[in-house]
Every structure is written in structure tokens, then in C-alpha cells.
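Reading through the C-alpha cells given below for one structure.
Chain A is the first sequence line, chain B the second, and so forth, proteins listed ahead of strands; every chain is numbered from 1.
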Amino acid sequence: MPELPEVEVVRRGLERWVAGRTVDDVEVLHPRAVRRHLAGGVDFAARLRGLRFGTAMRRGKYLWVPLDEAVPSDDAGSSLLGHLGMSGQLLVRPAGTPDEKHLRIRVRFDDALGTELRFVDQRTFGGLSLHDNTPDGLPDVIAHIARDPLDPAFDDVAFHTALRLRRTTVKRALLDQSLISGVGNIYADEALWRSRLHYERPTATLTRPGTAELLGHIRDVMREALDQGGTSFDSLYVNVNGESGYFDRSLDAYGREDEPCHRCGTPMRRRPWMNRSSYFCPRCQRPPRTG
DNA sequence: TATCCGACCTGTTGGC
DNA sequence: TGCCAACAGGTCGGAT
């Protein structure tokens, strides 16, 4: 499941293997893969032809590649924006390699490197689209996405203040991409377990040291996953394994229902939560008092 | 305005 | 064996 560390591995792959290359041709094989490009697949392909890829950027789980126009203009330019959703992969493959079963978009380049960029996505929650940039160089449709905790400009104090003002619970807040980006269900559960916080803890009750500790654990778990995701990278494979990350072996909470807590040995529990699951230790992560 | 929650999508798994 | 329901979960937009 691509979360921030996996997306960062993909970004590094794009930076290395497609930056500076010019698009020759684009095939859109599934309309849902370009649904966020409101003008449709034909327009998407036509607009991309002839543009040169810049250096891939990332915020949270969004990736984008700034596009160099043939005729430079005064505005902030445009970008190819991508989101991997739950099962998306961006692959750099030798042209002629048999198509993947769930190949959705193919981008050919006008050089002699012999490779093409493929967007493969089983569940089609992800997609690619073209957007104008804000003056900050961000695709306009993701201007509302908060910085992620690995961004040097992430403001810990402002995050704590925002949490205190919210009338919600801590896991909901962690998954709210306008507060903090890049955290998904897996790393939220991991960071909460490390922080000994129950997922339904009201954000208004978090202390400043408590928020600092939580942020520290989020960063630790992401960096550890990034270190392991990075090891799988090779020249033609620009993604991680979407089905079972290498970080699986290191998980303390996610997916460990009925298994002993790595801290106290109490069987871990799973609770349905927001159409998904929350995993926690009933002893280390006490539910908040109600009433 | 802030918050909540269902829909979207498809392959896998488990129960009957 | 075959069928069906449940499950996985990031994001959006409608509902409250």
C-alpha cells in the first residue's frame, strides 16, 4: 500500500529515470485513470505531447513532475500530477515489454533510451492529471494539502495549535491531509501504538509534549519504512511492491489482531473504524474516558 | 463552517 | 465447486 515512504521511493525513481526527457506519445487505456483531468483522456494526451519532464516533486502522497513548455511563459507553468491511490505503480519499462494486466496509461519519449513510463493500477483509485501551478510551484488542485512531517518546513507548533482547535479524535486528524499529509491508516496505527495513544483520543486533550512525541514517532516510522523501501530499487523498477511492503516485518500494530503486543504481551485488538480497521493494544492504549 | 460518512474500485479470502 | 459477502483504504463530495 503506497504511503509516504513508498511514494518517496517512486519520486526518486522518476527523478533518476525520466527527468529531462520529452514526451513523444501518450496512450490512455482507462478513462478512470485520468478522471481528475476534467478535459478527458484525449486532451490529456494531446497536451502532454512535446513537453519535457522536470524533476519530480512530492507532498504527502501526491507526486508531480513540472513540465517545461517549448515556449517559456511568465506564469507558474504546469505539472503532471499523480496519485497512486491504493494499488498504483509508476514503472519505467523497456518498450516492447508485455503490457501489465492493469496498465492504464503509457508515456513514450522521443529519445533513444528505449524505455517508457507506465501507470499500472489494479483498483483505479489512483490517476494522473495535468494542472496549472500555483506561484509556489504546486499543482493548484493540491494547494490545500498540508506539508508532510518529513518536510523541513513542517511547523510542529502550528500543527499542535491546529489539533487543539479541532473537535475531533486523534486518528481522524492524522488522516486529514489538510492538517498533516502523508499519513495513512497503517502508519497512523503504528505511530499511535508507539505513542501509547488510543485512536479515539480527542485532539483537544493532547499536550504539547504529547504532540511532539507523536510527531517524533510518525517521523521515525516513516524514515524506517523509507530506509527499507529504498533497498528494493533498481534501474528499471520505479516503485515498491504495492501488495506487501518490506516494512511488514517491522509492524507493531497494523494487521496484528490477536497477536501479543510487542510491549506488554496483551493480545492486540482490531476495531472497525471509518469503513476500515484500527489496530491497538487495549492495555498500552487506553480508551479515553467518556461522559 | 466544521465534521462526518458513503461511494468509488477490483482481487482475494472465507463461509456456506 | 460455485456463489456471495466482507475486506482492503485514499479521496471526494454530499449530508448533517
Under the ring pair (Phe, Tyr, Trp, His ring centres under 6.0 Å) test, which residues partner A:His102, sequence neighbours left out?
-> none
Once you round it to whole Å, what is the distance between P of C:dG10 and CD1 of A:Ile180?
-> 14 Å
How would you list, by chain and number, every residue that makes a side-chain hydrogen bond (donor to acceptor under 3.5 Å, both in side chains) with A:Arg147, sequence neighbours excluded?
-> A:Asp151
Partner residues of A:Glu259 under the side-chain hydrogen bond (donor to acceptor under 3.5 Å, both in side chains) criterion, sequence neighbours left out = A:Arg256
Does a donor on one side chain sit under 3.5 Å from an acceptor on the other, for A:Asp136 and A:Thr134?
-> no
Under 4.5 Å side-chain linkage, directly or through intermediates, the cluster mates of A:Val157 | none
Residues clustering with A:Trp193 (ILVMFWY side chains joined when closer than 4.5 Å, directly or via others) | A:Met268
Hits for side-chain hydrogen bond (donor to acceptor under 3.5 Å, both in side chains) against A:His160, two or more places apart or cross-chain, chain-then-number order -> A:Thr211
To 10°, what angle do the rotation axes through the five end pairs on each side of the helix from B:dA2-C:dT16 to B:dC16-C:dG2 form?
-> 60°
A:Glu6 CD to C:dG10 P, in whole Å, measures 11 Å
Residue met sooner reading DNA chain B from 5', once A:Lys101 and A:Thr169 are mapped to nucleotides | A:Thr169
Other ILVMFWY residues reachable from A:Val42 by side-chain steps of under 4.5 Å | none
Between C:dG10 (P) and A:Asn275 (CG): distance, integer Å = 12 Å
Whole-Å distance between C:dG10 C1' and A:Arg58 CZ?
-> 16 Å
Can you check each nucleotide of nucleotides 11-16 of chain C against protein heavy atoms at under 4.0 Å and return B for base, S for sugar-phosphate only, - for none, in 5' to 3' order?
-> BS----
Sorted by position of nearest nucleotide on DNA chain B, 5' first, the leading residue of A:His30 and A:Arg172 is A:Arg172
Quickly work out the A:Glu257 CD to C:dC7 P distance and round it to whole Å.
-> 11 Å
Value in whole Å for how far the P atom of C:dG10 lies from CD of A:Gln89 | 17 Å
What is the nucleic acid contact for A:Arg270, judged by heavy atoms within less than 4.0 Å: base, sugar-phosphate only, or nothing?
-> sugar-phosphate
Any idea how A:Phe159 and A:Phe154 line up, ring-wise: parallel (<30°), tilted (30 to 60°), or perpendicular (>60°)?
-> tilted
Range on DNA chain B touched by chain A, heavy atoms, distance below 4.0 Å | B:dT3 to B:dG11
Spacing between A:Gln122 atom CD and C:dG10 atom C1', to the nearest angstrom = 15 Å
Using the test side-chain hydrogen bond (donor to acceptor under 3.5 Å, both in side chains), find all partners of A:Thr169 that sit at least two apart in sequence or belong to another chain.
-> none
May I have the distance from A:Leu174 (atom CG) to C:dG10 (atom P), rounded to whole angstrom?
-> 12 Å
Remaining members of A:Leu38's ILVMFWY cluster at a side-chain heavy-atom cut-off under 4.5 Å?
-> none
